[in-house]
Participant: 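The structure is given below, and queries will be raised subsequently.
Chain A is the first sequence line, chain B the second, and so forth, proteins listed ahead of strands; every chain is numbered from 1. Note that these values count all heavy atoms, side chains included, but never hydrogens, waters or copies made by symmetry.
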Amino acid sequence: MDYYKLVRECLAKKPEAQKQLYEHFSETMLGICYRYTKSLKDAEDVLQEGFVKVFRNLHQFKNEGELGAWVRRIMVNTALNFLKRNRKYQDEMFFTEEYMHPVSTDDPQVHLSSKELADLIRQLPSGYQTIFNLYAVEGYSHIEIGEMLGISDGTSRSQYARARALLASWINKHFSEVKSKSYAGK
Amino acid sequence: MQENEFEKQVRHKMDEFRVHPSDPVWLGIREELRRKKRRRLLFIPLFAMLLVAGYFGRNLFLTPDKQAVSTSAIPVSVDTKTAGNTTPGNEAKTKTGIEQKSNDQQGDGISTVKEKELTEKKNDLNINHKKQNVPGEKITSVPGKTIGATGNITTVQHSRRSKTDNNAEKDVTVIVNKRTKINQSKETKPAIDNADAFNTGAEQPKNEPETSLNTDDFEKHTTSPDNNPVSVTFHVPGINLLPDSIVSGKVTGVQLPLLKNPKTFNTPGNWKMGFVLSTGFATRKEKLIDLSIAEEGKSATPNSNYAGQSSGPGNPGRGVLVAQPSAVKAGFAFKAGVMAMKPLSKRFDVSAGIAYSFSSDHIEIGNSISTYVNQIDALAVAYNSNTGNSSKKINYTNKYHFIELPVNVYFNIWPKWKTPLVWNAGVAVSRLISSNVLLYDAALGGIYYRGNEDLNKTQFSVSTGFAFRFGTNRHLQWSMGPQIYLNTTKLFQSAYDKNNHSVYGGLNVQVLFPAGKKHKSNTF
């Protein structure tokens with residue numbers, strides 16, 4: 001796909017180009033929004049808001065990087081803003097200063113499907129969920145996460161460690177359940 | 001590097017993760033993108049409304065009411081007090097002024113005096129002004145200094161008191177120097193000219209009427225035995241211009257200029273300015289669409305037909321299953337604007353204004369699409385639950401933004417009631433600012449497209465309603481009642497919706513204020 005041409009046509013307010021851009025990225029971006037929220041409806045709200053931002057700020061895209069990464073950053077920021085202003089998430093988005101949690105040595109093999117893994121991530125408390133997504137999936141550093149969420153990098157580290165440990169235990173549990181079912185089936 | 005291994009697995013899994021969004025998401029995005037455009041457009045009429053309101057407000061509320069200080073005779077009774085000895089036989093001429101302004105730039109004592117009529121002779125002193133009611137004419141006086149070389153002196157010492165003293169008495173002191181006998185008819189004029197030139201810096205018209213006093217009478221009360229200046233103070237309640245320290249006499253029984261047309265709220269002829277707000281529901285008067293499929297009379301279901309010939313731009317051709325357009329449900333609507341009302345008589349009023357009008361209606365559409373059919377930018381398919389051409393039903397709100405210029409006539413049915421019942425009727429011309437309306441076309445078995453191009457942008461409407469008026473005897477008058485608007489112009493030009501007319505019904509509220517200054521009393 002010629003992104004340069006697509007962006008140019010979107011800037012010319014051509015509806016078919018806008019639709020094409022949306023269709024090209026919407027599924028991937030909704031997957032991102034899905035991981036940050038607790039329901040599909042909220043995820044679609046974030047997606048809609050994010051794409052409106054994309055189209056309104058497309059003139060700021062300099063064609064220097066990849067369009068997908070640029071759209072992805074907008075989606076992540078939109079999701080974070082959504083979590084901050086949505087009362088449903090605010091209670092769980094309260095980050096307390098905690099002592100450094102030791103990094104878990106439990107490193108399970110992730111045999112889950114992407115949908116199952118995403119659903120497990122969504123079951124984490126919102127604070128853990130957000131930091132886990134930002135660090136493990138998006139690849140932000142703890143310092144960057146701290147700046148994005150207004151917390152210290154230490155808090156981000158400890159929250160991530162807890163989230164990781166929790167998720168690892170769930171994955172192990174899920175794996176053992178599947179294993180026992182498969183034995184029972186045999 | 002165990003930690004990184006876990007994160008890598010998660011990242012890899014999540015990069016593969018995709019969720020298909022539902023159709024309304026894209027419609028919502030497009031709607032949001034269009035809304036921003038409309039917001040920009042809304043600023044234009046709002047700015048225009050502000051300009052119009054500001055213009056009327058400036059003219060009606062801020063322009064000084066010159067009539068209030070110009071006309072009417074002022075009977076003046078003057079008690080005089082000589083500043084020294086009095087020399088009988090000396091004549092003096094003077095100018096008197098009721099309203100004075102201090103001139104800060106020229107110094108504390110320099111003042112501008114607006115000329116007043118002084119015609120009636122009731123009391124001890126009668127002061128006549130040959131010239132009456134010359135709006136804008138000013139006489140400048142310098143305290144302690146003779147204006148003009150003739151010895152004809154008008155000396156006024158005053159200063160403006162604070163605003164809080166508005167209801168206190170007003171003192172105007174006129175000190176008359178009576179050293180020389182003056183031919184009043186010849187000598188007064190230069191004094192005025194000099195004064196005006198001093199005040200305005202411009203040459204005065206030669207034909208300017210003279211202002212003089214009847215010095216024969218005046219002399220009796222202002223002369224002093226030794227030619228010393230005589231100080232005369234007009235003591236006028238209600239206006240406060242002079243400090244008490246320079247008051248040397250008092251004028252009693254002085255009346256301020258009477259208002260020839262005192263403004264009261266209910267007097268016919270007085271303009272009222274105000275706001276109008278109306279909220280209610282709007283819809284389109286719907287007419288069944290005359291598709292050629294109706295000729296076939298083979299409609300399999302209540303909500304679907306097989307198209308024969310279509311007059312629309314997207315002719316689906318024979319044999320295509322066509323979903324009929326959605327029924328239109330009423331939506332929220334409101335109007336807000338400014339208006340001016342002029343009472344013609346006790347029963348009839350007329351008003352005009354400018355208003356912003358918003359109306360909406362609801363339709364049901366099917367899945368969103370993005371297809372160009374015969375130059376139509378199709379956005380959604382028509383919903384058809386029976387044929388299954390559309391799996392989802394989406395509620396869509398058509399919104400219309402108009403700016404309108406209404407003119408109304410009001411008939412007071414029972415004017416003697418405490419809360420009179422008023423019937424009104426009016427016409428309005430309105431112009432579409434923006435809309436997101438989706439219009440139907442039979443192309444591809446029934447689609448909806450953005451219908452802005454097919455909207456009749458200029459609309460004429462008629463309206464009628466009843467209202468109860470409250471506060472008719474107070475400063476603020478307001479009325480409330482039901483109102484109906486019907487657009488006589490067809491809303492659309494499209495083939496399928498061309499017989500639609502917009503209908504609006506709601507509750508109308510008007511708030512009116514009397515235009516111009518209100519004068520509480522005329523005499524003191």
Participant: Drop me the distance from B/H20's NE2 to A/S26's OG, to the nearest 0.5 angstrom.
Facilitator: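 Result: 7.0 Å between the selected atoms.
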Participant: Determine yes or no for a side-chain-to-main-chain donor-acceptor pair under 3.5 angstrom, with A/K115 supplying the side chain and B/F17 the backbone.
Facilitator: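 Side chain of A/K115 to backbone of B/F17: no pair is present.
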Participant: Atom CD1 of residue position A/I143 - does it have more than 12 heavy atoms of other residues, nucleotides or ligands inside 6.0 Å?
Facilitator: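 Counting other residues, nucleotides and ligands, CD1 of A/I143 stays at 12 neighbours or fewer.
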Participant: Using a 4.5 Å cut-off on heavy atoms from C-beta on, say whether the side chain of B/E32 contacts that of A/R56.
Facilitator: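 Yes. Closest side-chain heavy atoms under 4.5 Å.
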Participant: Considering only heavy atoms from C-beta outward, does the side chain of A/F51 approach that of B/R30 to under 4.5 Å?
Facilitator: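 Sidechains of B/R30 and A/F51: no contact.
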Participant: For B/K329, I'd like to know if atom NZ has over 12 heavy atoms of other residues, nucleotides or ligands within 6.0 Å.
Facilitator: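 Counting neighbours around NZ of B/K329, 12 or fewer heavy atoms of other residues, nucleotides or ligands fall under 6.0 Å, so no.
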Participant: To the nearest 0.5 Å, tell me how far A/S114 OG sits from B/H12 NE2.
Facilitator: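 Rounded to the nearest 0.5 Å, the OG-NE2 separation comes to 9.5 Å.
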Participant: CG/B/D15 to OG1/A/T28 distance, rounded to the nearest 0.5 angstrom?
Facilitator: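 Atom-to-atom, B/D15:CG and A/T28:OG1 are 9.0 Å apart.
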Participant: Any side-chain heavy atom of A/E138 within less than 4.5 Å of one from B/R11?
Facilitator: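 Answer no - side chains too far apart.
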Participant: Would you mind checking if B/E7 and A/R164 are paired as a salt bridge, meaning a charged N to carboxylate O distance below 4.0 Å?
Facilitator: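 Counted as a salt bridge, because a side-chain N and a carboxylate O are separated by less than 4.0 Å.
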Participant: Looking at CG of B/L33 and NZ of A/K13, how far apart are the two atoms once the value is rounded to the nearest 0.5 Å?
Facilitator: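 Atom-to-atom, B/L33:CG and A/K13:NZ are 7.0 Å apart.
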Participant: With heavy-atom distances below 4.5 Å as the criterion, would you say the side chains of A/N133 and B/M14 are in contact?
Facilitator: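 Contact flag for A/N133/B/M14 side chains = no.
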Participant: Which pair of heavy atoms, one from B/P21 and one from A/L47, lies closest together, and at what distance?
Facilitator: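 Reported closest heavy-atom pair: CB-CD2, 3.7 Å.
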Participant: Select one option (side chain, backbone, both, neither) describing which atoms of A/Q18 are under 4.5 Å from chain B's heavy atoms.
Facilitator: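 Answer is both: backbone and side chain atoms of A/Q18 are under 4.5 Å from chain B.
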Participant: Nearest 0.5 Å, please: how far is CD1 in A/I32 from CZ in B/R18?
Facilitator: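 Reported to 0.5 Å precision, the distance equals 9.5 Å.
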Participant: At what distance, to the nearest 0.5 angstrom, does CD of B/Q9 lie from CG of A/L112?
Facilitator: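 Answer rounded to 0.5 Å: 10.0 Å.
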Participant: Counting only heavy atoms not in B/K457, do more than 12 sit closer than 6.0 Å to its NZ atom?
Facilitator: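 Yes, because the 6.0 Å sphere around NZ of B/K457 holds more than 12 heavy atoms from other groups.
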Participant: Just wondering, do A/I171 and B/F6 contact through their side chains at under 4.5 Å, heavy atoms?
Facilitator: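 Heavy-atom side-chain distance check passes, below 4.5 Å.
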Participant: Backbone N or O of B/S22 within a donor-acceptor pair of the A/E44 side chain at under 3.5 Å?
Facilitator: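 Such a contact is found between A/E44 side chain and B/S22 backbone.
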Participant: Closest approach of B/V25 and A/Q48, non-hydrogen atoms and distance?
Facilitator: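 Shortest heavy-atom separation between B/V25 and A/Q48 comes out as O-OE1, 3.9 Å.
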